[in-house]
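Accompanying notes for the structure given below.
Everything numeric in this text was worked out from a predicted model, so none of it was measured.
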Amino acid sequence: MLVKKELLSVSTLPAPKGKWQDKYSPAAQIVELPKSGRILAVDYYDKKELHARFFCDGQNYTVYSSGKNVFSSGYPTPGGRGYYSNDVASVAETDEVCNKFFDGRRGVEETNAFIYSKGLQKRESTWNSISNLMKQHMGMFPPYPQNLRSYCEENVFQKHYVFFGKKEKDGTRTAKCSHCGSEFKISEHIISGKDIDCPSCHTKAISRATWAKSDVVDKADICISYKVENQLLLRWVHVQRTYCWPEYIVDIDFDDFAYSLYLVIKGAPKIYTYKYFRAPYSWSAEWHRLPIGSTCTSSSFIYTDNLEEVFGESYYNVNLKKGLEGKHLELQFVDLLDNLKGCEKAEYLFKMGLPMLAESASSVRGNPDGEGVFQKQVGISKQYLPMLRSMNVTLSELRIIKKAREWVSPELLQRYRDLSSKMSAYLSFEEMIEAGGLSRALNYLDKQKKIYPKEPLSRIVTEYQDYIRMSKELHVDMSHKSVLYPADIIDAHRITTQRYNAVQHELRMEREQRLDSDFAVRANQLYSEMGLTDFQKDGFCIVLPQKRTDLIAEGHSLNHCVGSERYYTNHLEGRYMIFFIRKINSVDKPYFTMEMDVLTWKIKQLYGFGDCSAPKEVRAFANAFSQFMHNKKARKTA
């Protein structure tokens, strides 16, 4: 065991003699201490100053930083990040002591090797501990519910199939229902992928041609809750239903992808979550523990048959099973539980039969001035409640209803759903609705799709949003229908972009002229106060920036960053200023740029094209100018 107070009593060795090319030089000794035992002490010097001390008893180590006066478990020098240090000199006497202590052959590098091995042991021990705990936690989960297969068939995969073959000699087709298994004849015309009713079980299904020669695959996620030893466990499962060609026999596979455990350990609640990740740039995948307190945020169907058993009949005043049973919806179950626990509005929305909104209750904005409790809580008329329930309206769809500027029927909302499913997730449709209403926006997009059938819908929406934004900035009167909804949005966007860019160019020119004028006034005032005049020597001269655009042109010509806002601002503040170094015989051509601290007249930066270093003659000229201004300041002060 290393006793820190005792370690500090070990006298430091003098810095090794010699001219070392490496930054640090080490000195080592082996000492016997009453409590710590046999110790290796290595003193690392930065030139003549003590940088750090390394102490080791063969089993443990510690590093003392002389500058910070603290002990740590890191490396003694910044360059030591593994078996070898790239900044420590090899001193023969020190190497001999280290080899003797470690029974090695790498000299002072043995210290880094020891630190590396200890770190590796610690990481392995930590990983083993995490791995063992993960196995223990996963072992707490019971088997899948016995009825999970049938539950998924009825409540998760609600769509079924009618598989039909080719026409027979009598003009009919043989078809089979995937739900009830009955076979029947079809005499009318049928197209694969269309809706069809089974004449035996009257189930709505999707027609599917058997000559497609491929499996039919449906995928979904489901969350299953458990109560084990009075602890809440949540399991997320990938579910895949496959109708295998050619017989189309159904097969359902389950594959876990996340676990969350809400445990109470030593009287304190603790959440463990494990998730199955595929490693980047690799075909392998493995389980990882998320940071303590994290949960799985995947949207999924909820297994409802055991919710009363797990959460009881009343979970924060609501019955989860009754509220979710029979509803074909995917939600973030953890968010729903958290909102019911911490948001009063979530309880109200859940009891009103709106679990999708209860999941996002903290973001649902009501209307304080509305009529009735529902409008105050949700922000729309209670007449919408049947549609909100039957269609499981989400928070984003609720926002669309609020901005629609018209009554939104179930058919209109379904049209919006069909449209939004074809757009990228990051695109917002709200700007189009705010412009003229939901039905007008949908009708307009239908017309544009007829004009541009090969263009993705996302581009049309993006073009329209840009068109509206640019038109507003140009103060265009949008009250005319033909302006609000141009006949050809892509052409209108092109024309508006040209006008917008022309206006922006004019504004930039006006701004640059104003900046140039302000720069000239302030800069010449500074030059006068400092007594800055032309300075020439050895074929070079100093040119003073007169305009804001002078800095921009200098940076552009020499391909460096002097034209940025920072240098412009610093120059006018009169502390760090920019000076152009030019050749006398080509004074208008940018050559080198210099930044100086005018309080001390010391050079901060001196660069040419592409930030190249200055040659010695340019450096000598810059130093001469610096000395000239420094002497001038001294004479003025005296």
Does Y348 reach the side chain of V373, with side-chain heavy atoms less than 4.5 Å apart? yes

Judged by atom type as modelled, is there a donor-acceptor pair below 3.5 Å linking the side chain of E406 to the main-chain atoms of S439? yes

Nearest heavy-atom pair of L419 and L442: which atoms, and what distance? CD2-CD2, 3.5 Å

Any side-chain heavy atom of D256 sitting closer than 4.5 Å to one from W236? no

So do the side chains of C223 and R235 get within less than 4.5 Å of each other, counting heavy atoms only? no

Hey, are T174 and E183 close enough side-chain-wise for a donor-acceptor pair under 3.5 Å? no

Of all pairs that satisfy salt bridge (charged side-chain N to carboxylate O under 4.0 Å, His left out), the ones with a partner from residues 213-224, not counting sequence neighbours: K159-D218, D218-R241

Short side-chain donor-acceptor distance under 3.5 Å, Y485 and R440: no

State plainly whether the residues E463 and R494 are in salt-bridge range, i.e. N to O under 4.0 Å. no

Should Y272 and S260 count as side-chain neighbours, where that means a heavy-atom distance under 4.5 Å? no

Is there side-chain contact between L329 and P355, with at least one heavy-atom pair below 4.5 Å? yes

Whether E473 and R469 form a salt bridge (side-chain N of Lys/Arg under 4.0 Å from carboxylate O of Asp/Glu) is what I want to check. yes

Pair D446 + R415, salt bridge at N-O below 4.0 Å: yes

Can you confirm whether or not the ring centre of Y259 sits under 6.0 Å from the ring centre of Y274? no

Roughly how far, to the nearest 0.5 Å, is CD of Q377 from CE of M352? 10.0 Å

Would you kindly say whether N155 and Y303 are connected by a side-chain donor-acceptor distance under 3.5 Å? no

Can any side-chain N or O of K351 pair as donor or acceptor with the backbone N or O of A346 at less than 3.5 Å? no

So for atom CD, which belongs to Q158, do other residues, nucleotides or ligands contribute more than 12 heavy atoms lying within a distance under 6.0 Å? yes

Side chains of I433 and R405: does their closest heavy-atom pair fall under 4.5 Å? no

Name the one of H480, M478, K472 that satisfies side-chain contact (heavy atoms from CB on, under 4.5 Å) with V476? M478

Cationic N near anionic O, under 4.0 Å, R417 to E397: yes

What about F257 and H238, are their ring centers closer than 6.0 Å? yes

